[in-house]
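Residue numbers start at 1 and run along the sequence shown. The structure displayed is predicted, hence computed values, not measured ones.
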Amino acid sequence: SKKACIGWGRMPLFVSENERMYQKILIANRADCAMRLIRGVHELGASAVVAMAMDDPLTLVRGAADEVAMTGASRDAFLNPTNLIEAARQHHCEAILPGWGFLSEDPYFAQQCRLAGIHYIGPSTPHLYVFGDKYETLRLLSQPLGLEHRAIRCDDGDFETRLRTEPMDAWVLKRRTGGGGKGVFP
């Protein structure tokens with residue numbers, strides 16, 4: 001039989017053409033990300049419930065989804081784990097698919113979904129804890145590769161001293177978590 005799978009690790013959305021893992025999935029994102037996820041969920045034969053802000057104008061997302069769940073106002077509609085989990089329950093969704101950004105890298109959200117009995121489609125909670133922290137990711141990946149990293153945690157105590165004394169051509173200051181890579185240019 002034809003196999004199809006979107007998801008991460010050991011958490012496929014579907015096993016085969018006749019064997020769906022989920023009937024209905026809450027998409028916890030907006031705009032083009034939500035449109036792509038809706039299309040993917042529909043291609044695999046499941047219903048898509050999209051989280052939406054109460055103050056959003058009518059969008060293409062509303063028409064593309066099978067159901068709409070009003071989960072809050074403005075950005076809070078996509079950043080409040082309690083509201084998203086409650087929306088998934090009210091709409092009888094077996095899983096939440098966060099896409100990217102917003103809560104997709106939040107280990108607390110992934111854990112809350114799992115504790116509520118709703119599958120979180122994304123990396124495992126332990127992976128989110130490690131890879132959501134840029135310093136820990138750099139430290140863990142550089143060790144087995146035998147690479148030296150020169151990242152400094154601002155809470156190390158000697159940050160200011162190292163900043164003044166380390167011979168470096170350039171420094172980049174970034175948040176330890178979140179923030180992606182926007183705004184860092186040579």
Side-chain angles (χ1 to χ4, degrees), residues 3-15 21-22 25-41 43-44 51 75-82 84-85 88 93-186:
K3 297 272 183 181
C5 176
I6 62 174
W8 292 264
R10 289 179 276 163
M11 188 78 94
L13 292 184
F14 304 90
V15 179
M21 186 175 260
Y22 305 120
I25 298 168
L26 177 76
I27 295 171
N29 216 302
R30 60 187 302 277
D32 66 318
C33 178
M35 289 299 288
R36 290 177 188 195
L37 296 174
I38 290 168
R39 192 172 339 141
V41 167
E43 285 175 7
L44 295 170
R75 288 177 48 92
D76 188 53
F78 309 100
L79 293 173
N80 186 319
T82 304
L84 291 167
I85 290 168
C93 297
E94 299 98 349
I96 295 179
L97 179 58
W100 57 83
F102 294 114
L103 293 174
S104 67
E105 296 178 13
D106 185 339
Y108 171 77
F109 179 55
Q111 184 177 20
Q112 290 305 109
C113 289
R114 291 184 177 113
L115 289 174
I118 297 169
H119 291 211
Y120 173 85
I121 301 172
S124 69
T125 304
H127 284 118
L128 287 171
Y129 275 113
V130 172
F131 294 115
D133 182 326
K134 293 176 186 79
Y135 182 84
E136 284 301 309
T137 301
L138 185 59
R139 187 183 66 75
L140 285 172
L141 292 177
S142 64
Q143 287 175 346
L145 297 173
L147 301 173
E148 177 189 350
H149 79 80
R150 301 186 69 189
I152 303 169
R153 290 177 27 182
C154 291
D155 58 358
D156 277 352
D158 68 338
F159 171 70
E160 290 180 23
T161 304
R162 288 186 67 186
L163 194 59
R164 284 192 304 271
T165 60
E166 291 276 330
M168 298 279 289
D169 293 331
W171 285 88
V172 175
L173 298 177
K174 280 189 70 71
R175 288 182 48 124
R176 190 170 172 181
T177 60
K182 295 177 182 174
V184 178
F185 302 99

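Closest approach of A88 to I118, counting heavy atoms only: CB-CD1, 3.7 Å. In terms of heavy atoms, N29 sits closest to W100 at ND2-O, 2.6 Å. Contact detail for R139 and S142: the closest heavy-atom pair is O-OG, 3.2 Å. Across every non-hydrogen atom of G99 and C33, the tightest pair is CA-SG, 3.9 Å. Minimum interatomic distance between L84 and L26 (heavy atoms only, all atoms of both residues): O-CD2, 3.3 Å. The two residues R114 and T125 make their nearest non-hydrogen contact at NH1-OG1, 2.7 Å.
You'll find the side chain of L128 stays beyond 4.5 Å of the side chain of D106, heavy atoms only. You'll find the side chain of E136 stays beyond 4.5 Å of the side chain of Y129, heavy atoms only.
The CG atom of L115 lies 14.0 Å from the OH atom of Y120; values are rounded to the nearest 0.5 Å. The distance from atom CZ of R75 to atom CZ of R30, rounded to the nearest 0.5 Å, is 9.0 Å. Between atom OG1 of residue T137 and atom NE2 of residue H127 there is a gap of 10.5 Å, rounded to the nearest 0.5 Å. Within the model, atoms OH of Y108 and SG of C113 stand 10.0 Å from one another, a figure rounded to the nearest 0.5 Å. The SG atom of C93 sits 12.0 Å away from the CD1 atom of I85 when rounded to the nearest 0.5 Å. In this structure, CG on L97 lies 4.5 Å from CG on L37, to the nearest 0.5 angstrom.
Of the possible polar contacts, none joining the Y22 side chain to the I96 backbone as a donor-acceptor pair under 3.5 Å is found.
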